[in-house]
Protein chains: 2
Amino acid sequence: MTNTTLKLLAQQLQLSISTVSRALKDHPDISAKTKAKVNALAQSMDYEPNAYAIQLRMQSSKIFGVIVPAISNLFYDSFIAAVEEESRRNGYALMILQSSHNPENELNNLKIFRQNRVSGVFACLSTSAENLDVYHKMNEREIPVVFFDIVPKDNTFTKVRMADERCGVIAAENIIKRNAKKVLAIFGDPGLSISQNRKISFQNFMHNFSPKTHVNYINANSSNEAEEIFKKHYSKAVKFDTVFCMTDEILIGVMKAIQALQIKVPAEVGVISISNGFIPNLYHPVISYVETSGFQLGKLAFVQMMANMQTGKTVNELTVDATFIEGGSM
Amino acid sequence: MTNTTLKLLAQQLQLSISTVSRALKDHPDISAKTKAKVNALAQSMDYEPNAYAIQLRMQSSKIFGVIVPAISNLFYDSFIAAVEEESRRNGYALMILQSSHNPENELNNLKIFRQNRVSGVFACLSTSAENLDVYHKMNEREIPVVFFDIVPKDNTFTKVRMADERCGVIAAENIIKRNAKKVLAIFGDPGLSISQNRKISFQNFMHNFSPKTHVNYINANSSNEAEEIFKKHYSKAVKFDTVFCMTDEILIGVMKAIQALQIKVPAEVGVISISNGFIPNLYHPVISYVETSGFQLGKLAFVQMMANMQTGKTVNELTVDATFIEGGSM
DNA sequence: TAAATAATAACAAACGTTTGCGATAAATTT
DNA sequence: AAATTTATCGCAAACGTTTGTTATTATTTA
């Protein structure tokens, strides 16, 4: 069965296509009687306007593109959920593609976006250092790009991200408050600016406010690695009394080690992490964490997108602030 | 800056639009020399075909719609990841919308899909008993619908789902193997067919093979509820020695109770669950589980979609089999 | 009553493609 | 050399909308 079109409706009603079109949009030129007839038939033939024809005519698509490294991810999926929610409220649909941390995929995805004339794109870089030509071209074409999470250094772009520095500081504050003597701090991929920001701010704060607290700084790229690191360091003579986990991945590894070693939290070891809250709530006691919400970031990104579309080109870097969520692990 | 079009290329090259179009698609009617010129200019002006114009002309959209209750979900996000992966390999893009378990949203989403003339839709019902008219209409319009996870009873539709009965049986088998005397079995929302299938098969198997094993059947709708249930039942005189968790949610609650009560797993209580594996791997020992992979389900759904599109209408119900993954909790 | 105005609806072009068909010139065959 | 085939390319219609302009009435005004 073929789709209902304006032409079909027009034929049935012995009206012109334009009249039908205007009637459907409640145009003042059309009489109430005609409008009623048109609407009735449209309803019964369940007419749905062809979005493609509309876009072709209107030159605007009501679709946003979203690129994430992976959809199946605690952080990104909540980001997507937020953007989807807002988009739908504003009459937009989403086209979501994943880069799998591969710049080549990212390029292909952008091509698809351009072919579909998306009204804007939310992009998370697949790697930190990357060729940004495509994005510059998008800007030239007046397709707003809002970068999130992993963003380029280039300041000609609009970016939103978590307040990573604040995260580091807040974590450090709470560690100091606990009166920690020796802490194990595990950070993520040192190649990412996120890691850098969090680490440096953490380090500075620690150093200034509690210079005598001994901190071991280590990097881990997987939860397994974090688990091993924890076990290795915990076997030393002078045990650390606090562990700081920069990511959920790291926290997972650490918690496995803690359970395996049957360590009491927070009595023997205090645990603090940076997270959106899902993982910390899986344990008893609930792990205290500095909240970085993908959901909030999504909301912010959307606001920026809309601002960009209206004001032409507001270039900006906005951050969503971090807050400390008290669990029972400190 | 305006987008590059065939017309623009044609003007620059002093050729007709049709020639440019054919050159770009390597049509035999066009000379090698012309093709070269056209391709060169297209490249330098980085021409991208307008997907909307193409769809309008071709009456087919290369886009699939996906409806999930929530994107931010351990199961659905892996389903989406799989579908996205396959779609991209086959030149399709995805339009993902979430119903938030609300039939009204589901309807709106379907409307958006129709407006965008998607080539097919992957749908997860927001509630079990639901008006299927819209879906019937899609079938009439020859838009293939593949239901997944939460599927309608109606057999005129194509459905893919986990082998829920097998899940129940496998879980029961392993509980019997453990020689359990008293078990606490916590199931999810009794309104969903998933819960029913898993519960009935579990119950039957238990009853036939180990009629003397005492089983408490309880429903829980959230992890908090599961935690309370566990605590309440564990305080009784004759303690259960094994707990079965139908969902990740339930497992999470149970594990919080276990940690709070400092119960030894598997010595004091054996734990088994149904999961895609993420949550079970967060604990030490790793929880044994019957695997239900959203990723695999996604792959299967895609295969079905393609089959449907080619053969016209293959109506079928396919299931992805379940396997037992040994952790250390039994 | 004639003229002007308001109300209603139709015409037609445009958005960017694809593609059947026709046109032209060159190359080949008789 | 005339006739036919082959190689290239252009014309024009169609896909389903939106919208500026024009045409037709009916209504009001002078």
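Every chain is numbered from 1 and lettered A, B, ... according to where its sequence line falls, protein lines coming before strand lines.
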How many Å lie between CG on A:L13 and C1' on C:dA9, as a whole number?
-> 13 Å

Determine which pairs satisfy salt bridge (charged side-chain N to carboxylate O under 4.0 Å, His left out) with at least one residue from residues 7-29 of chain A, sequence neighbours left out, and list them in order.
-> A:D26-A:K35

Quick one: side-chain hydrogen bond (donor to acceptor under 3.5 Å, both in side chains) pairs with a partner in residues 62-76 of chain B, sequence neighbours left out?
-> A:D77-B:S72, B:Y76-B:D149

Answer yes when B:R89 and B:E85 have at least one side-chain N-carboxylate O distance shorter than 4.0 Å, and no when they do not.
-> no

Lys/Arg N to Asp/Glu carboxylate O, B:D46 vs A:K111, below 4.0 Å | no

For the residue pair B:S87 and B:F302, what are the closest heavy atoms and their distance?
-> OG-CE1, 3.3 Å

How far apart are the closest heavy atoms of B:N308 and B:V145, and which atoms are they?
-> ND2-O, 4.3 Å

Interface polar pairs with nucleotides 14-16 of chain C, N/O, under 3.5 angstrom:
| from | atom 1 | to | atom 2 | distance (Å) |
| --- | --- | --- | --- | --- |
| C:dC15 | OP2 | B:K7 | NZ | 3.4 |
| C:dC15 | O3' | A:Q59 | NE2 | 3.4 |
| C:dC15 | O2 | A:R57 | N | 3.3 |
| C:dG16 | OP1 | A:Q59 | NE2 | 3.3 |
| C:dG16 | N2 | B:A53 | O | 3.4 |

Donor-acceptor pair, side chain of A:Q115 and main chain of B:P49, under 3.5 angstrom | no

Within residues 19-35 of chain B, the residues having a heavy atom closer than 4.0 Å to DNA chain C are B:S21, B:R22, B:K25

Taking the six-membered ring for Trp, are A:F148 and A:F79 ring centroids under 6.0 Å apart?
-> yes

With sequence neighbours excluded, what pairs up with A:Q55 under the side chain to side chain donor-acceptor pair (under 3.5 Å) test?
-> none

Which part of the nucleic acid, if any, lies within contact of B:Q115, taking any heavy atom under 4.0 Å across all strands shown: a base, the sugar-phosphate backbone alone, or nothing?
-> nothing

For nucleotides 25-27 of chain C, which of its nitrogen or oxygen atoms have a protein nitrogen or oxygen under 3.5 Å away, and what is each distance?
none

Give me the ring orientation class for A:Y135 and A:F157: parallel if the planes are under 30° apart, tilted from 30 to 60°, perpendicular past 60°.
-> perpendicular

Donor-acceptor pair (no angle test) under 3.5 Å: B:S16 side chain, D:dC11 base | no

